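It should be emphasised that the depicted structure is a prediction, and the values quoted were computed from it without experimental measurement.
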Amino acid sequence: MDVGFVGLGGMGRAMARRLLAAGHAVRVWNRSPEPVAELVAEGASAAGTLAGAFEAQVVVSMLADDRVVENLLLDEELLSGARAATHVNMATVSPALARRAAELHARHGVGYVAAPVLGRTDVAAAGNLNILAAGPAAELDRLAPLFEAMGRRTWPLGEDPAAANVAKISANFLLVSAIEAFSEAAALAEANGLAPAALLDVLTDSLFPGPVYAGYGAMITRQSFEPAGFRLALGLKDVNLALEAGADTQVPLPLASLLRDSLLQAIAHGHGEHDLAAISTTSRTRAGI
């Protein structure tokens, strides 16, 4: 396929590379030029403008948040002149934005699919993302080759794009909850003379096997938070999205409120650009460690 790719942060670069490796023609656009030059050197072409990216068959975007998506892509002039048949928004955004985006795209005859992903930058680089996709069934079928290039599995979640964003926000709420829970358990262990690494070994080989505790737990036991595979500031954004979605539908999320405050405390202490595992510094500070 001829693909326009918008947004070349750590995740976006890795995903665009997977499309190139699968033989797709990829034209890239980013607000800063360095990632564009990097991808062009690897076989992509540069879209001189954002409108140029929308001249491709399909546009894939991987931007930071609602504000950036709204400012850059939910633009009447951009969409009215787009040649692209479909825009695939792979960012983690609010369900409310997904609904607005789908309506605006439809007015201009451009298909809209939400396809946020589960996985960090290393998972994206390996093509092992889980892709949570929602939109018209015919669009999902047509996009299957792109999803197969970027992910291990695509999870179709219905025709309403907002459903994919609800799934992603819910998943990240659970992810941050698990990291906070292990952070508190590790602080309890350390304060009572048990090495957190020993506790982690027990848990990951018994009650809680899997990548969340093994991966984030290892960073917590080492207190090593760079390089950041998932920035703590983005974790706060996702918890806030969960709280906003809960407020919109009268669903109380008391645990999310606690997570928000823990993340804010970590950011106040300079950890916003560190890995999400740096939320553990809050538990240590509370425990006087």
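- Here the CD1-CG distance, from Ile169 to Leu132, works out to 11.0 Å after rounding to the nearest 0.5 Å.
- Taking CZ of Arg142 as the reference point, atom OG1 of Thr86 lies at 4.0 Å (rounded to 0.5 Å).
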Derivation and outcome, salt bridge (charged side-chain N to carboxylate O under 4.0 Å, His left out), residues Arg67 and Glu70: CA-CA 5 Å; Arg67 180 184 59 82; Glu70 187 116 36; over 6 Å; no

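- Between the side chains of Ser262 and Arg286, at least one donor-acceptor pair of N or O atoms lies under 3.5 Å.
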Report the C-alpha separation of Leu199 and Phe182 in whole Å, then their side-chain angles, then the decisive distance to 0.1 Å, and conclude whether the side chain to side chain contact (heavy atoms under 4.5 Å, CB included) test is met. CA-CA 10 Å; Leu199 175 65; Phe182 180 74; 4.3 Å; yes

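- The two residues Ala187 and Ile289 make their nearest non-hydrogen contact at O-CD1, 3.6 Å.
- Both Phe5 and Val117 sit in one connected hydrophobic cluster of ILVMFWY residues. Membership requires side-chain heavy atoms under 4.5 Å apart, directly or through other members.
- Remark: Arg83 CZ is loosely packed, at most 12 non-hydrogen atoms of other residues, nucleotides or ligands lying under 6.0 Å away.
- When all heavy atoms are compared, the tightest approach of Leu140 to Ala133 is CD2-CB, 4.0 Å.
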Between Ile279 and Phe225, is a side chain to side chain contact (heavy atoms under 4.5 Å, CB included) present by the stated rule, with each step listed? CA-CA 10 Å; Ile279 194 175; Phe225 310 122; over 6 Å; no

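- The backbone N or O of Leu8 sits less than 3.5 Å from a side-chain atom of Asn30, completing a donor-acceptor pair.
- When only modelled atom types and interatomic distance are considered, Gln265 and Thr282 share no side-chain donor-acceptor pair under 3.5 Å.
- Relative orientation of the Tyr112 and His105 rings is tilted, given thresholds of 30° and 60° on the angle between their planes.
- A donor-acceptor contact shorter than 3.5 Å is absent between the side chain of Glu226 and the backbone of His274.
- Rounding to the nearest 0.5 Å gives a distance of 6.5 Å between CG of Leu78 and CG of Leu73.
- Here the shortest heavy-atom pairing between Leu50 and Leu72 reads CD2-O, 3.3 Å.
- At least one side-chain heavy atom of Leu175 sits under 4.5 Å from a side-chain heavy atom of Tyr216.
- Taking a cutoff of 4.0 Å between a charged side-chain nitrogen and a carboxylate oxygen, Glu34 and Arg13 do not qualify as a salt bridge.
- A side chain to side chain contact (heavy atoms under 4.5 Å, CB included) with Val6 is found for exactly one of Val60, Leu63, Asn89, namely Leu63.
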Audit row: Leu241, Phe173, side chain to side chain contact (heavy atoms under 4.5 Å, CB included) steps and yes/no: CA-CA 9 Å; Leu241 287 176; Phe173 165 55; over 6 Å; no

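- No path of Ile, Leu, Val, Met, Phe, Trp and Tyr side chains, each step under 4.5 Å between heavy atoms, connects Met219 with Val123, placing them in separate hydrophobic clusters.
- Hydrophobic clustering, with ILVMFWY side chains joined whenever heavy atoms are under 4.5 angstrom apart, groups Val36 together with Val26.
- Trp29 does not carry Arg27 over the face of its six-membered ring by the limits of under 6.0 Å from the centre and within 45° of the normal.
- The distance from atom CD of Glu190 to atom CZ of Arg284, rounded to the nearest 0.5 Å, is 4.5 Å.
- Hydrophobic clustering (side-chain heavy atoms under 4.5 Å, transitive across Ile, Leu, Val, Met, Phe, Trp, Tyr) keeps Met11 apart from Trp155.
- Put simply, Val239 and Ile220 are part of the same group of oily side chains (I, L, V, M, F, W, Y) that touch within less than 4.5 Å, one to the next.
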Determine, stepwise, if the pair Glu76 / Leu104 fulfils side chain to side chain contact (heavy atoms under 4.5 Å, CB included). CA-CA 8 Å; Glu76 298 272 2; Leu104 180 61; 3.4 Å; yes

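- Within the structure, side chain to side chain donor-acceptor pair (under 3.5 Å) pairs that include any residue of residues 160-174 comprise Thr92-Lys168, Asn172-Asp238 (at least two apart or interchain).
- At distances below 3.5 Å, at least one donor-acceptor pair connects side-chain atoms of Asp275 with backbone N or O atoms of Gly229.
- Within a 6.0 Å sphere centred on CG of Asp205, heavy atoms belonging to other residues, nucleotides or ligands number 12 at most.
- Salt bridge absent: Arg99 and Glu103 never bring a charged side-chain N and a carboxylate O closer than 4.0 Å.
- Of all heavy-atom pairs between Leu200 and Gly217, the closest is CD2-C, 3.5 Å.
- In this structure, CG in Leu236 is found 10.0 Å from CG in Leu276, a value given to the nearest 0.5 Å.
- Taken from CG in Leu146 to CZ in Arg18, the straight-line distance is 13.0 Å, to the nearest 0.5 Å.
- Pairing each heavy atom of Leu157 with each of Ala167, the nearest pair is CD1-CB, 3.7 Å.
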